[in-house]
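As structure tokens, the structure follows; a few thoughts come after it.
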Amino acid sequence: MGKIVVFGAGGRAGGAAVREALRRGHAVTGVVRDPAKAADGMRIVAGDVTDAESVAEHAKGHDAAICAVYDANVEPEIFYAGTSRALVEGLDQAGVGRLVVVGLASILETASGALLMDTPDYPQAYRTFYLGHAAGTAVLRESTTALDWLVLSPAGDFDHTNVDAGSYRVAPADAGSRISYATLATAILDEIDNPTHHRTHIGIETA
């Protein structure tokens, strides 16, 4: 089995990914701001996902990386763009070739081709947050290293349960679509164990 480093392992999406990785027999290193708040039987370290040297230090020796981070204290565009730059540089230094990032449906295309955040009646109160995620994805798209990245998000939103539905499908953005954290984690680990989508952003929903 492989070795996976999870940035943001203490959050809901990151924690679900940790549990699924451990269930599959992977060795997991969780990188968090406060190690006292993380558990789940993984190796836990304190690190800074916006610092390339910190990323490289904690990712060295791993086969793949997962990123599921959030910081309410930093302006979203600065945080997510900085995170992507640090991941691209740090994972390259560490020799880690696969990265799966938990993304946001708001910046995913709907069936019509419009971004979900630009569709009628879509909530705009958090548009700065949406644009922050977009900035982070743009950095990945513009990267020139060999990093095989994927942004994976709900096609709509989370249903806030820990129940794995057992199956999922790739889908365009749809505000009414839902998926559990556990099912998203299954999709993340499927893309680690058997990568099928490369250097793109996809949405998934319960099948």
Answer yes if the side chains of [X] and [Y] hold a donor-acceptor pair under 3.5 Å, and no otherwise.
X: His26; Y: Asp193; result: yes
X: Thr186; Y: Thr183; result: no
X: Asp92; Y: Thr145; result: no
X: Ser153; Y: His201; result: yes

Quick one, [X] and [Y] - any side-chain contact, counting heavy atoms below 4.5 Å?
X: Pro35; Y: Val45; value: no
X: Thr29; Y: Ile4; value: no
X: Ser143; Y: Trp149; value: yes
X: Asp159; Y: Ile179; value: no
X: Glu20; Y: Arg24; value: yes
X: Val49; Y: Val31; value: no
X: Lys60; Y: Gln93; value: no

Main chain of [Y], side chain of [X]: is a donor-acceptor contact present, judged purely on distance under 3.5 Å?
X: Thr119; Y: Leu116; value: yes
X: Ser54; Y: Thr50; value: no
X: His62; Y: Ala59; value: yes
X: Asp63; Y: Lys3; value: yes
X: Glu75; Y: Ile78; value: yes
X: Thr137; Y: His133; value: yes
X: Arg85; Y: Ala52; value: no
X: Tyr70; Y: Gly11; value: no

Same apolar cluster (I L V M F W Y, side chains within < 4.5 Å links), [X]/[Y]:
X: Val139; Y: Ile107; result: no
X: Ile66; Y: Leu140; result: no
X: Val69; Y: Phe158; result: no
X: Val55; Y: Val5; result: yes
X: Phe7; Y: Val32; result: no

**side chain to side chain contact (heavy atoms under 4.5 Å, CB included) between Met117 and Leu131, worked out** = CA-CA 9 Å; Met117 68 179 179; Leu131 293 174; 3.7 Å; yes
Heavy-atom pair of closest approach, residues [X] and [Y]:
X: Thr206; Y: Ala165; result: CG2-CB, 3.4 Å
X: Leu115; Y: Thr110; result: C-CG2, 4.3 Å
X: Glu205; Y: Ser177; result: OE1-OG, 2.7 Å
X: Ala17; Y: Ile188; result: CB-CD1, 4.4 Å
X: Gly156; Y: Arg178; result: C-NH1, 4.4 Å
X: Ala9; Y: Gly30; result: CB-CA, 3.7 Å

Between [atom1] on residue [X] and [atom2] on residue [Y], distance to nearest 0.5 Å:
X: Tyr168; Y: Leu184; atom1: OH; atom2: CG; result: 9.5 Å
X: Leu91; Y: Cys67; atom1: CG; atom2: SG; result: 9.0 Å
X: Leu87; Y: Tyr80; atom1: CG; atom2: OH; result: 12.0 Å

**Prompt:** Counting only heavy atoms not in Arg127, do more than 12 fall under 6.0 Å of its CZ?
**Reply:** yes
**Prompt:** By salt bridge (Lys or Arg N to Asp or Glu O under 4.0 Å), which residues pair with Asp71, not counting sequence neighbours?
**Reply:** Arg33
Listed pairs under 3.5 Å, donor-acceptor, residues 97-106 side chains, sequence neighbours left out:
from: Arg98; atom 1: NE; to: Glu191; atom 2: O; distance (Å): 3.2
from: Arg98; atom 1: NH1; to: Asp148; atom 2: O; distance (Å): 3.3
from: Arg98; atom 1: NH1; to: Asp148; atom 2: OD1; distance (Å): 3.2
from: Arg98; atom 1: NH1; to: Asp148; atom 2: OD2; distance (Å): 3.2
from: Arg98; atom 1: NH1; to: His197; atom 2: O; distance (Å): 3.1
from: Arg98; atom 1: NH2; to: Glu191; atom 2: O; distance (Å): 3.3
from: Arg98; atom 1: NH2; to: Glu191; atom 2: OE1; distance (Å): 2.8
from: Arg98; atom 1: NH2; to: His197; atom 2: O; distance (Å): 3.0
from: Ser106; atom 1: OG; to: Tyr122; atom 2: OH; distance (Å): 2.8

